Amino acid sequence: QVQLAESGGGLVQAGGSLRLSCVVSGRALSRYAMGWFRQAPGKEREFVASISWSGTGTYYADSVKGRFTLSRDSAKNMVYLQMNSLKPEDTAVYYCAADQFGGGSYSSAPYDYWGRGTQVTVSS
């Protein structure tokens with residue numbers, strides 16, 4: 001059984017930075033594509049970034065491209081989302097998700113495992 005746990009959320013002013021972390025336990029991270037999704041109040045969950053299980057492909061939503069960077073440390077079973085130049089519209093609960101041998105899908109459907117989320121609030 002794979003378990004995911006996010007951390008690193010908080011309150012930050014617009015233009016600031018945060019780094020989210022996701023620890024994967026139960027199985028080796030290297031078997032999984034990892035995705036970051038977010039959900040703002042009253043909105044549907046949306047794709048933020050992902051990396052394929054092989055690590056050869058990293059993908060970003062247009063809204064965060066150039067500001068967010070996804071990275072992973074397979075030795076530590078950790079995935080990170082570095083978020084720079086944050087905007088109020090980035091305010092949401094951020095979730096990490098795992099998809100065994102996945103390609104890093106933009107859709108949430110293939111991801112079998114999800115963390116509980118971490119709140120990010122960006123003030124204007």
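Because the structure is a prediction, the values reported are computed rather than measured.
Minimum interatomic distance between V48 and V64 (heavy atoms only, all atoms of both residues): O-CG2, 3.5 Å. Here the closest non-hydrogen pair linking G9 and V120 is CA-CG2, 4.1 Å. Looking at every heavy atom in both residues, Y60 comes nearest to T69 through OH-CA, 3.4 Å. Residues S124 and A14 share a closest heavy-atom pair of CA-CB, 4.4 Å.
Using a distance-only test at 3.5 Å, with no hydrogens or angles considered, a donor-acceptor pair links the side chain of E6 to the main chain of C96. Checking side-chain atoms of S52 against main-chain N and O of G57 turns up a donor-acceptor pair under 3.5 Å. Here the side chain of D99 pairs no donor or acceptor atom with the backbone of A33 at under 3.5 angstrom. When atom types are taken as modelled, the side chain of E46 and the backbone of R38 share no donor-acceptor pair closer than 3.5 angstrom. Within the 3.5 Å criterion, the main-chain N or O of Y94 finds no donor-acceptor partner in the side chain of T118. Distance alone, capped at 3.5 Å, places no donor-acceptor pair between the D73 side chain and the M78 backbone. With hydrogens and angles ignored, the 3.5 Å screen pairs a side-chain donor or acceptor of S50 with a backbone N or O of G104. At distances below 3.5 Å, not a single donor-acceptor pair connects side-chain atoms of R27 with backbone N or O atoms of V2.
In this view, Q39 satisfies the side-chain hydrogen bond (donor to acceptor under 3.5 Å, both in side chains) rule with no residue, not counting sequence neighbours. When the side-chain hydrogen bond (donor to acceptor under 3.5 Å, both in side chains) test is applied to Y95, no partner is found at least two apart in sequence or on another chain. Residues satisfying the ring-ring contact (aromatic ring centres under 6.0 Å, His included) criterion with Y80, sequence neighbours excluded, are absent altogether.
Rounded to the nearest 0.5 Å, atoms CZ (R72) and CH2 (W53) are 9.0 Å apart.
For the disulfide bond (SG atoms under 2.5 Å apart) condition, no pair includes a residue of residues 31-67, sequence neighbours left out. Applying the disulfide bond (SG atoms under 2.5 Å apart) definition to pairs two or more places apart or across chains, none involves residues 41-88.
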Only distances under 3.5 Å count here; give the side-chain donor-acceptor pairs of residues 108-116 to other protein atoms, sequence neighbours excluded, each with its distance to 0.1 Å.
from, atom 1, to, atom 2, distance (Å)
Y111, OH, S105, N, 3.2
Y111, OH, S105, O, 2.8
W114, NE1, Y111, O, 3.2

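Under a 4.0 Å N-O distance rule, the pair D62/K65 qualifies as a salt bridge.
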